[in-house]
Number of protein chains: 2
Amino acid sequence: MTSTQLTRNQTLVLGALSQSEAPLSAYTILDKLRGEGFRAPLQVYRALEKLLEFGLVHRLESINAFVACAHPHQDCCSHGLTAFTICESCGKVTEFHDHVIEERLAGFARDRNFKPGKTTIEIRGHCDGCA
Amino acid sequence: MTSTQLTRNQTLVLGALSQSEAPLSAYTILDKLRGEGFRAPLQVYRALEKLLEFGLVHRLESINAFVACAHPHQDCCSHGLTAFTICESCGKVTEFHDHVIEERLAGFARDRNFKPGKTTIEIRGHCDGCA
DNA sequence: TAAGTTGCGTTATGCTATAACGTGTGCCAT
DNA sequence: ATGGCACACGTTATAGCATAACGCAACTTA
Ligand SMILES: [Zn+2]
Ligand SMILES: [Zn+2]
Ligand SMILES: [Zn+2]
Ligand SMILES: [Zn+2]
């Protein structure tokens, strides 16, 4: 695991995500960081781009939002598939890995000569507390 | 299976999607249907909303686009989870069902008292022909 | 020094989606 | 038939998400 030194903007964006209970949209992050001098969406998007690259942040495709990775320093699974549950009431996100699903999807792709890139698995619903 | 009579707008939107090789964004559909009198995004979005409801169309969350269902009249799996491969070169979409994955995800949700709603599984990559 | 790389800031623009309002039509219970 | 309702539709405006294009500054490498 290579520990990368984050820039100021990256640190601020990651901080905003880490402190939040729920996923944040880029524009919400922008608003939270206006006090720190942020003025434009690109400052957020550029930081997010790097943080995603470093594996410190995940993008939730189904809700156009971002979360800090729940276990950024864990090597196991760090390059594998990540799945999420997303509570539509409180925004709580749970991140998990499943090798059975991973292998099942890989097998399907192999069978069709499909070369898989990034895979999205997101379950929207309601968490225990919000049932 | 209840066969619903589609409105003119719904028929046009479904037609545009059915004829297309690749998924279409709402605005692309709009442009394709200007000749038929479409003027505004809402005409497309309202039709899509119903078509999604009828199970005739799927939304691909990871690319903000829509496809006609590959097997709209098939009862098996019609209420279950649908997964997609999406070719990032040619846009080809393949739709499939997998009960093992479905059960695996359901199990995970059960374990955490998470009540699952809509689930997204999308693999972006490159298809056989575009490898 | 010169060239390349990276991050940053700014302005402008484009793409995606919905709010809010009003119209018209068919249906049906009164 | 007439009032009320549900539903599709049309239009305008607005909200929300994301990137293009320019230029500057700092640092690295040759
Ligand atoms: Zn993670
Ligand atoms: Zn919740
Ligand atoms: Zn389908
Ligand atoms: Zn392809």
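The shown structure was predicted, so the numbers you read here are calculated from the model rather than taken from an experiment. Residue numbering restarts at 1 for every chain, and letters A, B, ... go by the order of the sequence lines.
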Atom CD of A:E53 to atom C1' of C:dG7: distance rounded to whole Å? 13 Å

Check whether any side-chain nitrogen or oxygen of A:Q43 sits under 4.0 Å from OP1 or OP2 of C:dG9, and answer yes or no. yes

According to a strict under-4.0 Å criterion, is A:R59 in side-chain N/O contact with OP1 or OP2 of D:dC17? no

Whole angstrom value for the distance that separates P of C:dT16 from CD of A:E61: 14 Å

Quick one: B:K50 NZ to D:dC9 P, roughly how many Å, whole number? 10 Å

Can you find a heavy atom in the side chain of B:L6 that is under 4.5 Å from one in the side chain of B:F54? yes

Starting the side chain at C-beta, find the nucleotide from D:dT11, C:dT16, C:dG7 nearest to B:L42. D:dT11

Short side-chain N/O contact from A:N64 to OP1 or OP2 of D:dG16, under 4.0 Å: no

Counting side-chain heavy atoms from CB outward, which of C:dA20, C:dC8, C:dT16 is closest to B:R46? C:dA20

Rounded to the Å, how far apart are A:Q5 CD and C:dT6 P? 17 Å

So, is B:T7 close to the D:dC7 phosphate, meaning a side-chain N or O under 4.0 Å from OP1 or OP2? no

So, are B:R110 and B:E103 salt-bridged, with charged N and O less than 4.0 Å apart? yes

5' priority, DNA chain D, between B:Q10 and A:Y45 [closest heavy atom]: B:Q10

Do B:Y27 side-chain and C:dA17 base share a donor-acceptor contact under 3.5 Å? yes

Return the value, rounded to whole Å, for the distance between atom CD1 of B:I29 and atom C1' of C:dA17. 13 Å

For a quick check of understanding: with a heavy-atom distance under 4.0 Å over all strands, which category does A:R39 fall into, base, sugar-phosphate or nothing? sugar-phosphate

Would you say A:F114 and B:I123 make side-chain contact, with heavy atoms under 4.5 Å? yes

So, taking the atom named CD in B:E21 and the one named NZ in B:K92, what distance separates them when rounded to the nearest 0.5 Å? 9.5 Å

Nucleotide D:dA8, atom P - distance to CG of B:L12 in whole Å: 15 Å

Testing B:F84, B:F96, B:F66 one by one against B:H58 for a ring-ring contact (aromatic ring centres under 6.0 Å, His included), which residue passes? B:F84

Residue whose closest nucleotide on DNA chain D lies nearer the 5' end, B:G37 versus A:A26: B:G37

Whole-Å distance between C:dT16 C1' and A:I63 CD1? 16 Å

Winner on side-chain proximity to B:A40, out of D:dT11, D:dC17, C:dT16, is D:dT11

Measure from CD on A:E49 to C1' on D:dA18 and round the result to the nearest Å. 12 Å

